[in-house]
> 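One structure, as structure tokens, below. Some questions next.
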Amino acid sequence: MNINILNEAELALLKQYINQSEHIVICCHKSPDGDALGSSLAWADYLEGQGKNPTVIIPDAYPDFLQWLPNTEKIVRYDKRVAEADRLWAEADLIFCLDFNTSSRVEDMQGVLDKSTAPKIMFDHHLSPSMETVLTVSHTEMCSTSEIVFRIIWQLGGFEQMSRRCAVDIYCGMMTDTGGFTYNSSRSEIYFIIGQLLIKGLDKDKIYRNVFNTYSPWAIRFRGYMMYQKLNVIDGFQASYFTITRQEMKHFHFIKGDAEGLVNEPLKIKGMKLSISLREDDRKDHLIWVSLRSVDDFPCNRMAEEFFNGGGHLNASGGKLQCSMADAERVVRDAIIYYEKLLKS
């Protein structure tokens with residue numbers, strides 16, 4: 001199966017920049033998820049195998065259930081180690097931007113990223129890339145940036161030397177960005193790649209448990225409470241939403257990652273097409289984080305762009321609102337009514 005994605009000129013350009021660079025920074029979007037972290041760590045592992053010494057710099061914390069990923073101890077968190085990170089940004093002679101399509105997605109790191117004169121290379125699978133780069137590898141049809149990283153390593157001839165660590169990171173990124181291969185994962189190439197990764201000796205069942213079966217007792221109580229007390233199923237529409245307040249997070253000893261995947265749960269209701277979660281920021285007032293999930297051809301990304309200052313993929317998108325929770329709920333209901341034809345068909 002041919003899984004190459006770069007033409008000859010792009011491949012030569014990528015090799016050239018890697019070979020001539022000594023100080024490489026790899027960065028990903030704010031609130032890194034499994035794909036952002038997995039693709040970044042996997043690409044760093046590949047570059048280390050080429051004799052390079054790359055640094056992964058992330059804007060802020062990632063979920064606790066990803067702490068086990070290989071090489072997380074090498075990550076530099078910008079919000080915790082600003083001076084060190086700024087030095088690394090200043091020294092960088094090559095920057096890889098993974099799993100985001102515009103520099104605003106790195107939020108607090110945007111200033112240093114935009115200011116850097118180092119050449120930038122993007123690997124991403126989101127719509128409408130809008131950064132100035134020397135090379136952009138953007139494929140919205142692919143399940144994850146981790147899939148793109150695997151394909152690039154494969155095309156560079158790096159599969160034989162690929163470490164088990166790298167394979168684990170890639171598999172975790174692909175798995176988490178498809179909800180355990182339950183959406184955006186119907187292409188045969190995905191399963192060819194999984195088959196190749198298994199050759200490296202990874203335990204895919206253990207990876208699944210490490211990500212999805214590591215909640216605390218408080219997290220399980222929190223998730224049950226959300227579905228029992230907070231789920232709003234909209235009468236006459238195949239849509240639902242729930243809200244998570246700062247007070248509720250405090251009551252259930254919430255830590256980053258406790259709500260991971262929770263927005264998918266209402267889609268288990270027969271006929272449900274759309275699920276939306278609204279979560280208050282734990283520090284900033286009047287900031288609501290929005291997650292959207294859908295099935296079939298309902299366009300989460302369009303709704304996210306039009307109503308929630310966001311975007312993403314057809315069936316998985318996100319955004320944010322700067323308002324009270326009550327106002328955010330009104331926006332959700334307006335959005336659902338606006339898409340009435342698609343949600344009732």
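Note that this is a predicted model, so its numbers are computed, not measured.
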> What verdict does the side-chain hydrogen bond (donor to acceptor under 3.5 Å, both in side chains) test give for Thr243 and Lys230, after you've listed the backbone C-alpha separation in whole Å, the side-chain angles of each residue and the deciding distance to 0.1 Å?
CA-CA 6 Å; Thr243 64; Lys230 301 300 296 291; 3.0 Å; yes
> Could you name each residue pair satisfying salt bridge (charged side-chain N to carboxylate O under 4.0 Å, His left out) that touches residues 54-67, not counting sequence neighbours?
Lys30-Asp60
> Can Gln110 and Ser103 be said to form a side-chain hydrogen bond (donor to acceptor under 3.5 Å, both in side chains), step by step?
CA-CA 6 Å; Gln110 183 178 5; Ser103 63; 3.3 Å; yes
> Consider only side-chain N and O atoms of Thr245 and Glu248, and report whether a donor and an acceptor are under 3.5 Å apart.
yes
> How about Asp124 and His139: does a side-chain donor come under 3.5 Å of a side-chain acceptor?
no
> List the steps and the verdict of side-chain hydrogen bond (donor to acceptor under 3.5 Å, both in side chains) for His253 and Asp258.
CA-CA 9 Å; His253 306 280; Asp258 280 355; over 6 Å; no
> Less than 4.0 angstrom from a charged side-chain N to a carboxylate O is my criterion; do Glu10 and Lys15 meet it?
no
> Aromatic rings Trp218 and Phe252: how do their planes relate, parallel, tilted or perpendicular, breaks at 30° and 60°?
perpendicular
> Going by ring-ring contact (aromatic ring centres under 6.0 Å, His included), name the residues that satisfy it together with Phe298, two or more places apart in sequence or in a different chain.
Tyr339
> Can you confirm whether Glu132 is buried at CD, in the sense that more than 12 heavy atoms of other residues, nucleotides or ligands lie under 6.0 Å from that atom?
no
> For a side-chain hydrogen bond (donor to acceptor under 3.5 Å, both in side chains) check, start with the C-alpha distance between Tyr46 and Gln161, then their side-chain angles and the critical distance, and finish with the verdict.
CA-CA 9 Å; Tyr46 168 76; Gln161 291 75 40; over 6 Å; no
> With rounding to the nearest 0.5 Å, note down the distance linking CG in Asn184 to SG in Cys143.
6.5 Å
> When you check the gap from the basic side-chain N to the acidic O, do Glu329 and Arg333 get nearer than 4.0 Å?
no
> Compute the ring centroids of Tyr215 and Phe65, then answer whether they are less than 6.0 Å apart.
no
> Donor-acceptor pair, Ser317 side chain versus Asn301 backbone, under 3.5 Å?
yes
> Can you establish whether the number of heavy atoms outside Asp297 located under 6.0 Å from its atom CG is more than 12?
no
> Give a yes-or-no answer on whether the side chains of Tyr183 and Asn264 include a donor-acceptor pair shorter than 3.5 Å.
no
> Against the six-membered ring of Phe308, is Lys320 placed for a cation-pi contact (under 6.0 Å from the centre, within 45° of the normal)?
no
> Is the Phe123 ring parallel, tilted or perpendicular to the Phe96 ring (thresholds 30°, 60°)?
tilted
> For the side chain of Thr176 and the backbone of Gly173, is there at least one donor-acceptor N/O pair under 3.5 Å apart?
yes
> Looking at Gln67, is its backbone amide N or carbonyl O close enough to the side chain of Thr72 to form a donor-acceptor pair, meaning the two atoms are under 3.5 Å apart?
yes
> Without swapping roles, check the side chain of Asp108 against the backbone of Val106 for a donor-acceptor pair under 3.5 Å.
no
> Using the six-membered ring wherever Trp is involved, compare the ring planes of Phe150 and Phe159 and label them parallel, tilted or perpendicular (cut-offs 30° and 60°).
perpendicular
> Ignoring hydrogens and geometry, is there a side-chain-to-backbone donor-acceptor pair from Ser116 to Leu113 under 3.5 Å?
no
> Flag yes if Tyr62 and Val76 sit in one hydrophobic cluster, no otherwise; membership is Ile, Leu, Val, Met, Phe, Trp, Tyr, and two members link when side-chain heavy atoms are under 4.5 Å apart.
no
> Among Ile, Leu, Val, Met, Phe, Trp and Tyr joined by side-chain contacts under 4.5 Å, find the other residues sharing a cluster with Ile255 and list them by chain and number.
none
> Indicate yes or no for a side-chain donor-acceptor contact from Arg246 to the backbone of Asp281 under 3.5 Å, with no hydrogens or angles considered.
yes
> If only side-chain N and O atoms count, and only distance matters, is there a donor-acceptor pair under 3.5 Å linking Ser39 with Asp99?
no
> Tell me whether the centres of the aromatic rings in Phe181 and Tyr171 are closer together than 6.0 Å.
yes
